[in-house]
Trainee: 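Take a look at this one; I'll ask things after.
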Amino acid sequence: MRILYVDIDTLRPDHLGCYGYQRSTSPNIDALAAEGVRFTDYYCSDAPCLPSRAAMMTGRFGIHTGCVGHGGINAELRPEGRDRGMADFSGRYNLPAVIRRAGFHTATISSFPDRHGAWWFYGGFDECFNVGKRGLEPADDVFPIAADWLERQRGKDDWFLHVHVWDPHIPYRTPEKYGRPFADSPLPDNWMTEELLQYHRTCKPGAHSACEVNGYRASPDAAHPRQITEITSLEDFRALIDEYDTGVWYADRFFGQLVEILKEQGIYEDTAIIVSSDHGENLGELGSYCEHGEADEIVTHIPLIIKWPGCAAGAVSGGFHYNVDLLPTLAELLGDRVKPFTCNRVVGKPNPVEYDGESFAQLVRSGANGGREYLVVSQCAHVCQRAVRFEDWIYIRTYHDGYHLTEDEELFHIPTDPHETRNVAREYPEICWHGAWYLERWVAENMVRSPRRDPTDPLWSVIGEGGPFHCRGYLYDYCVRLEETGRGDCARALRARHPGELEERY
């Protein structure tokens, strides 16, 4: 058996044809969905990039691994301490290690560990390939390595290949030779209005706002001419969506090339193929442009398509799942091939590993609906937020607003407001109480289950270090910019909200 995992960074499900998007961004992924199972309600437990892949690879929530941010102590996995053996968790019990335990030769093609200093990511892989551009490489740089690897495996069985491309992630980097495939294609969902855009420009500050798409300034990047720097009009908004969709289309083209290799080798039918992502991308939602800086529906909702030989085909499965559920799911699908775990220190002792994930292998086999009652998702790299996804609602609690002037409580009704334009928390207090109860119960249960009963909630560790990494040290200079660009009211509100952070400058 062979397994191909295609990891497309920053991929929103609602910009794929198989999830209902009307632009032809994903013909190859759509074809895969017609032959496998498409999961409609799959979420990363911890956003964005580093915490999400830490959760997916370990099968554990960030509240347990400690990895919830992009800098500081909580950009690391918690040390295992005295119980660590000669090999650590990532070399023995993470996702590729479990697959290797089943007798597979494992390989990854990804610059993610280099970009984030997440060297534990390579644990469990027999081969590791780094393009060397720390996430700025286009898919054209990744494909030759993947094609060569697949050619060297020709005729071989029992391999697992993880391939990672970044193309929908900013800065937009689709090579200019591919043109602008959506220039003449109308926006399928033209939800942005002039009134809402002007509200974002005047009342929603922060990194990656409408006035500062690339960060805290609107500086053009000569190396990436496709990247939009400021959204001043609906025409700019349209151009932004076009470029994101081009990145999705380009990544899908790369995926199609890999499929063609599998078909040429005569192994496509017998190869399990998984397509997913680490997180989505706000494209104007909540006043955030080209960023994955919230714990909202748009950022945490990710696609998952699984084509597994002998399992359901052309199925759509509804029900809440986390990305931490993938590890136990694959382990169950591999069945008796996964050798039992034994403790590093004393062979025969009970399995020392406790995953947070819950297998949904039966749904892969049947294509039926099923899942959890609710999900709690987290973001501590750009803001400090936790959110609860339940029924038709997402309830968001903000502990640090990342200089966006976000309200402490937000509630959105996803079926009628998929772009989160209307916070209805004040209108539905009873729904907020429901979400807050789920959140409090989840935190309490998981803190009790923390490894070695660690009493520290990593969200509060991030706040204790001075706030989320991507806003730490920027407040003073950013308030000056706000005043210089006619947004003095925002500067005054931020100074009042974060008085202790004004002097912390890099």
Side-chain angles (χ1 to χ4, degrees), residues 12-14 19-20 39-47 61-63 68 189 191-193 196 199-200 203-204 279-280 282-288 292-302 317-325 356 358 369-380 382-402 404-447 457 459-460 463 497:
R12 287 176 58 146
D14 64 343
Y19 281 86
F39 292 89
T40 62
D41 304 295
Y42 187 65
Y43 290 74
C44 65
S45 65
D46 297 86
F61 299 134
I63 198 172
V68 298
D189 183 11
W191 62 275
M192 181 62 70
T193 66
L196 181 58
Y199 170 75
H200 288 172
C203 302
K204 290 293 290 182
H279 53 73
N282 284 131
L283 298 171
E285 290 87 0
L286 303 181
S288 180
H292 27 272
E294 310 279 345
D296 69 326
E297 172 74 8
I298 304 300
V299 171
T300 60
H301 187 202
I302 54 179
S317 179
F320 292 132
H321 305 285
Y322 290 111
N323 61 348
V324 300
D325 297 332
D356 295 314
E358 298 177 359
N369 296 329
R372 298 174 185 252
E373 179 184 1
Y374 67 95
L375 306 176
V376 174
V377 294
S378 171
Q379 161 78 246
C380 291
H382 299 265
V383 298
C384 286
Q385 289 178 339
R386 284 193 174 125
V388 185
R389 184 69 173 89
F390 63 104
E391 299 174 0
D392 291 335
W393 304 93
I394 188 163
Y395 168 79
I396 306 174
R397 181 69 173 88
T398 297
Y399 304 88
H400 190 296
D401 69 350
H404 296 297
L405 294 179
T406 307
E407 295 183 71
D408 291 345
E409 280 192 314
E410 295 175 294
L411 181 71
F412 299 101
H413 187 248
I414 300 305
T416 60
D417 186 17
H419 297 285
E420 303 166 323
T421 62
R422 185 165 173 260
N423 177 13
V424 294
R426 291 184 178 86
E427 297 174 40
Y428 297 97
E430 70 283 3
I431 302 294
C432 290
W433 299 338
H434 196 175
W437 179 77
Y438 275 141
L439 178 57
E440 173 58 27
R441 184 173 73 170
W442 182 90
V443 171
E445 289 175 349
N446 281 283
M447 287 303 295
D457 182 339
L459 180 148
W460 291 105
I463 292 175
R497 185 176 287 196

Trainee: Side chain of His321, backbone of Thr40: donor and acceptor closer than 3.5 Å?
Mentor: no
Trainee: For atom CZ of Arg441, is the number of surrounding heavy atoms from other residues, nucleotides or ligands below 6.0 Å larger than 12?
Mentor: yes
Trainee: Counting N and O atoms only, with roles assigned by atom type, does the side chain of Ser288 sit under 3.5 Å from a partner on the main chain of Gly284, one being a donor and the other an acceptor?
Mentor: no
Trainee: Using modelled atom types and a 3.5 Å cut-off, is there a donor and acceptor pairing between side-chain atoms of Asn369 and backbone atoms of Gly318?
Mentor: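 At least one qualifying donor-acceptor pair exists.
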Trainee: For residues Leu459 and Gln385, determine if any side-chain heavy atom of one lies less than 4.5 Å from a side-chain heavy atom of the other.
Mentor: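 No, every pair of side-chain atoms sits at 4.5 Å or beyond.
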Trainee: Aromatic contact between Trp393 and Tyr438, with the criterion being ring centroids under 6.0 Å apart: yes or no?
Mentor: no
Trainee: For residues Ile298 and Asn282, report the shortest heavy-atom separation together with the two atoms involved.
Mentor: CB-ND2, 3.4 Å
Trainee: How far apart are the C-alpha atoms of Ile63 and Trp442, what are their side-chain angles, what is the distance that settles it, and do they pass the side-chain contact (heavy atoms from CB on, under 4.5 Å) test?
Mentor: CA-CA 10 Å; Ile63 198 172; Trp442 182 90; 3.9 Å; yes
Trainee: Would Val377 and Arg389 satisfy side-chain contact (heavy atoms from CB on, under 4.5 Å), going step by step from the backbone distance to the final call?
Mentor: CA-CA 8 Å; Val377 294; Arg389 184 69 173 89; 5.8 Å; no
Trainee: Out of curiosity, Arg386 CZ to Glu440 CD, how far, rounded to the nearest 0.5 Å?
Mentor: 10.5 Å
Trainee: Checking the side chain of Gln379 only, and the main-chain atoms of Glu294 only, is there a donor and an acceptor separated by less than 3.5 Å?
Mentor: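 Here the side-chain-to-backbone pair exists.
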Trainee: Counting only heavy atoms not in Trp191, do more than 12 sit closer than 6.0 Å to its CH2 atom?
Mentor: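 Yes - once you tally the heavy atoms of other residues, nucleotides and ligands closer than 6.0 Å, there are more than 12.
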Trainee: When rounded to the nearest 0.5 angstrom, what is the spacing between OG in Ser378 and CG in Leu439?
Mentor: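 Rounded to the nearest 0.5 Å, the OG-CG separation comes to 10.0 Å.
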Trainee: Report the distance from atom OH of Tyr42 to atom OG1 of Thr300, rounding to the nearest 0.5 Å.
Mentor: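 The OH atom of Tyr42 sits 12.5 Å away from the OG1 atom of Thr300.
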Trainee: Looking at side-chain heavy atoms only, is the closest gap between Asp325 and Arg372 below 4.5 Å?
Mentor: yes
Trainee: Could you walk me through whether Asp392 and Ile414 pass the side-chain contact (heavy atoms from CB on, under 4.5 Å) check?
Mentor: CA-CA 6 Å; Asp392 291 335; Ile414 300 305; 5.7 Å; no
Trainee: Would you say the side-chain atoms of Glu358 and Tyr322 include a donor-acceptor pair closer than 3.5 Å?
Mentor: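 Distance-only check fails for Glu358 and Tyr322.
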Trainee: Is the number of heavy atoms from other residues, nucleotides or ligands within 6.0 Å of OH (Tyr428) greater than 12?
Mentor: no
Trainee: Measure the CZ-CD distance between Arg422 and Glu427 for me, rounded to the nearest 0.5 Å.
Mentor: 4.0 Å
Trainee: Has Arg397 got its NZ or CZ under 6.0 Å from the middle of the six-membered ring of Tyr395, at an angle within 45 degrees of the ring axis?
Mentor: no
Trainee: How far does CD1 of Ile396 sit from OG1 of Thr406, to the nearest 0.5 angstrom?
Mentor: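 The CD1 atom of Ile396 sits 9.0 Å away from the OG1 atom of Thr406.
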Trainee: Given 3.5 Å as the limit, does a donor-acceptor pair link the side chain of Glu420 with the main chain of Glu297, or not?
Mentor: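 Yes; at least one donor-acceptor contact below 3.5 Å.
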Trainee: Under 3.5 Å, side chain of Glu285 to main-chain N/O of Leu283, donor-acceptor pair present?
Mentor: yes
Trainee: May I ask you to test the Asp401-Val383 pair for a side-chain heavy-atom distance under 4.5 Å?
Mentor: no
Trainee: Locate the shortest heavy-atom distance separating Pro418 from Thr416; write the atom from each residue and the value.
Mentor: CD-C, 3.6 Å
Trainee: How close do Phe390 and Phe320 get, counting heavy atoms only, and between which atoms?
Mentor: CA-CE1, 3.9 Å
Trainee: Taking atom CD1 of Ile302 and atom NE2 of His279, what is their separation to the nearest 0.5 Å?
Mentor: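 Between Ile302 CD1 and His279 NE2, I get 9.5 Å after rounding to 0.5 Å.
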Trainee: For Phe412 and Leu286, what are the C-alpha separation, side-chain angles and deciding distance, and is it a side-chain contact (heavy atoms from CB on, under 4.5 Å)?
Mentor: CA-CA 11 Å; Phe412 299 101; Leu286 303 181; 3.7 Å; yes
Trainee: Spell out, as yes or no, whether a donor-acceptor pair under 3.5 Å connects the side chain of Asp296 to the backbone of Ala387.
Mentor: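 Side chain of Asp296 to backbone of Ala387: no pair is present.
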Trainee: Can you tell me how the ring of His301 sits relative to the ring of Tyr19, calling it parallel under 30°, perpendicular over 60° and tilted otherwise?
Mentor: perpendicular
Trainee: Which heavy atom in Cys380 sits nearest to a heavy atom in Val68, and how many Å separate them?
Mentor: CB-O, 3.4 Å
Trainee: Are any non-hydrogen side-chain atoms of Asp457 and Val443 less than 4.5 angstrom apart?
Mentor: yes
Trainee: Considering non-hydrogen atoms only, spot the tightest contact between Gly62 and Asp46 and give its length.
Mentor: N-OD1, 2.9 Å
Trainee: Which atom names give the shortest non-hydrogen contact between Ile463 and Cys384, and what distance separates them?
Mentor: CG1-SG, 3.7 Å
Trainee: Do side-chain atoms of Glu407 reach the backbone of Thr398 as a donor and acceptor pair under 3.5 angstrom?
Mentor: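 Checked: no pair found.
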Trainee: Say whether, by atom type as modelled, one donor and one acceptor occur between the side chain of Asp417 and the main chain of His413 under 3.5 angstrom.
Mentor: no
